[in-house]
Amino acid sequence: MLELKNISKQYNKRVILDQVNMTVKNGEIMCIVGASGAGKTTLLRCISGLEKIDGGQILVNGKEFDPYNNQSNDSVIGVVFQEYQLFPHLKVLENITLAPTMVLKKKEAQAKEEAMKLLTGLSLADKAQLYPYQLSGGQKQRVAIARALAMKPQILCYDEPTSALDPGLRDTVKNIILELKKSKMTQIIVTHDMEFAQQIADRILKVEPIRS
């Protein structure tokens, strides 16, 4: 279970997050929605350790957790970025095995075997030896999901996973998220798409811009 207690964040003295509280149970899908500038991506970045919180507590399974400073963060919280952030000079399989071999110290053969299982499950086994530029947007999205899953996180975060996808690919991402729910993966999704959120979420947190 992930708990946020009184999370605060400022940029240049401008308050972005003010005393935010949130609880996500194990295996639950939480969608964070809100207008542009409301702080939903900032909140996700704080949860995933990309930003340092200014105040409050983050707890995982009842224990205080600092995603910003925790050296093994990738095995606790994974992130699927809006722009995918795949390494352009590495093939798909290499993109997925890089962190498990370097961070988790897995043997290359084991990392490749696990990566191929993920790619097969996401209907990408035939793309393993391609470079990111040879993939469509939807395929890059699935590779980004596979790369995050390869680190075996307890919690998987997504930043606007459907923002650049057509309706058919949007449904593909929805189905992937719902399949991961069956495996008890805890998922947190930032989205501007309320219809998408309503289709997949167990609960929805709406964040509002803070008026100065």
Side-chain angles (χ1 to χ4, degrees), residues 32 40-52 60 65-166 168-177 179-180 183 185-193 196:
I32 302 171
K40 55 188 186 294
T41 294
T42 298
L43 180 57
L44 193 77
R45 289 176 65 85
C46 289
I47 292 169
S48 60
L50 297 172
E51 297 282 353
K52 184 178 177 64
V60 175
F65 177 70
D66 182 354
Y68 186 77
N69 290 313
N70 193 287
Q71 296 301 308
S72 61
N73 176 47
D74 283 339
S75 64
V76 177
I77 301 174
V79 186
V80 179
F81 298 99
Q82 184 175 358
E83 300 299 327
Y84 319 129
Q85 295 193 9
L86 302 175
F87 294 108
H89 64 291
L90 297 180
K91 295 178 181 179
V92 165
L93 187 61
E94 294 168 332
N95 262 283
I96 297 170
T97 59
L98 182 65
T101 53
M102 294 188 68
V103 179
L104 301 183
K105 307 302 181 186
K106 287 189 177 181
K107 292 182 179 180
E108 187 174 347
Q110 180 187 359
K112 285 183 176 180
E113 180 181 353
E114 293 177 356
M116 286 307 302
K117 286 181 180 178
L118 288 169
L119 289 173
T120 299
L122 293 168
S123 301
L124 289 169
D126 60 335
K127 310 299 182 187
Q129 297 304 319
L130 298 183
Y131 289 95
Y133 78 87
Q134 296 174 295
L135 304 177
S136 68
Q139 289 166 346
K140 290 177 184 176
Q141 178 73 280
R142 282 180 282 156
V143 172
I145 292 171
R147 182 177 63 178
L149 290 173
M151 293 298 288
K152 300 189 183 301
Q154 297 177 37
I155 300 163
L156 186 56
C157 300
Y158 308 76
D159 186 12
E160 298 283 7
T162 63
S163 63
L165 303 181
D166 63 34
L169 291 173
R170 177 177 171 273
D171 286 343
T172 297
V173 172
K174 178 184 75 174
N175 292 335
I176 290 169
I177 290 169
E179 280 298 314
L180 288 172
S183 67
M185 173 66 71
T186 304
Q187 299 174 88
I188 301 171
I189 301 153
V190 160
T191 181
H192 67 283
D193 187 339
F196 178 75

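Here, residue 1 is the first one in the sequence, and each next residue gets the next number.
With rounding to the nearest 0.5 angstrom, the OG1 atom of T120 is 8.5 Å from the CG atom of L118. Atom CE of M102 and atom OG1 of T97 lie 11.0 Å apart (nearest 0.5 Å). Here the NZ atom belonging to K140 is positioned 12.0 Å from the CG atom belonging to L130, to the nearest 0.5 angstrom. Separation of atoms CG (L124) and CG (L135) is listed at 7.5 Å; rounding is to 0.5 Å. Between the CD atom in Q110 and the OG1 atom in T101 there is a gap of 11.0 Å [rounded to 0.5 Å]. For the atom pair CG of N175 and CD of E179, the computed distance is 7.5 Å after rounding to the nearest 0.5 Å.
Nearest heavy atom pair, residue M116 against residue A128, reads SD-CB, 3.8 Å. Between L90 and N95, the shortest heavy-atom contact is O-ND2, 3.0 Å. Contact detail for P132 and F87: the closest heavy-atom pair is CG-O, 3.5 Å. Listed here is the closest heavy atom pair of L119 and A146: CD2-CB, 4.5 Å. The two residues P67 and S48 make their nearest non-hydrogen contact at CB-C, 4.0 Å. Counting all heavy atoms, side chain and backbone alike, Y158 lies closest to L44 at O-CD2, 3.4 Å.
Side chain of Q141 to main chain of P161: a donor-acceptor pair is present (N/O by atom type, distance under 3.5 Å, no hydrogens or angles). Although no hydrogens or angles enter the test, the distance criterion places a donor-acceptor pair under 3.5 Å between the side chain of R147 and the main chain of Y84. Distance alone, capped at 3.5 Å, places no donor-acceptor pair between the D159 side chain and the Q82 backbone. The closest donor-acceptor contact from the side chain of R142 to the backbone of I176 lies at 3.5 Å or more, if one exists at all. Judged by distance alone, the side chain of Q187 and the main-chain N or O of I177 form a donor-acceptor pair under 3.5 Å.
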CA sep, side-chain torsions, deciding dist, call: V92, Q139, side-chain contact (heavy atoms from CB on, under 4.5 Å): CA-CA 10 Å; V92 165; Q139 289 166 346; over 6 Å; no

Residues D171, K174; criterion side-chain contact (heavy atoms from CB on, under 4.5 Å); working and verdict: CA-CA 5 Å; D171 286 343; K174 178 184 75 174; 4.1 Å; yes

Full working for side-chain contact (heavy atoms from CB on, under 4.5 Å) between T186 and Q154: CA-CA 7 Å; T186 304; Q154 297 177 37; over 6 Å; no

Verdict with supporting geometry, V143 and K127, side-chain contact (heavy atoms from CB on, under 4.5 Å): CA-CA 9 Å; V143 172; K127 310 299 182 187; 5.9 Å; no

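Side-chain contact between L149 and L180 is present, with heavy atoms from C-beta onward closer than 4.5 Å. The closest side-chain heavy-atom distance from L104 to K152 is not below 4.5 Å.
Under the salt bridge (Lys or Arg N to Asp or Glu O under 4.0 Å) criterion, the residue pairs touching residues 92-107 are K106-E114, with sequence neighbours excluded.
Taking the six-membered ring where the residue is Trp, Y133 and Y131 present parallel rings, their angle staying beneath 30° rather than reaching 60°.
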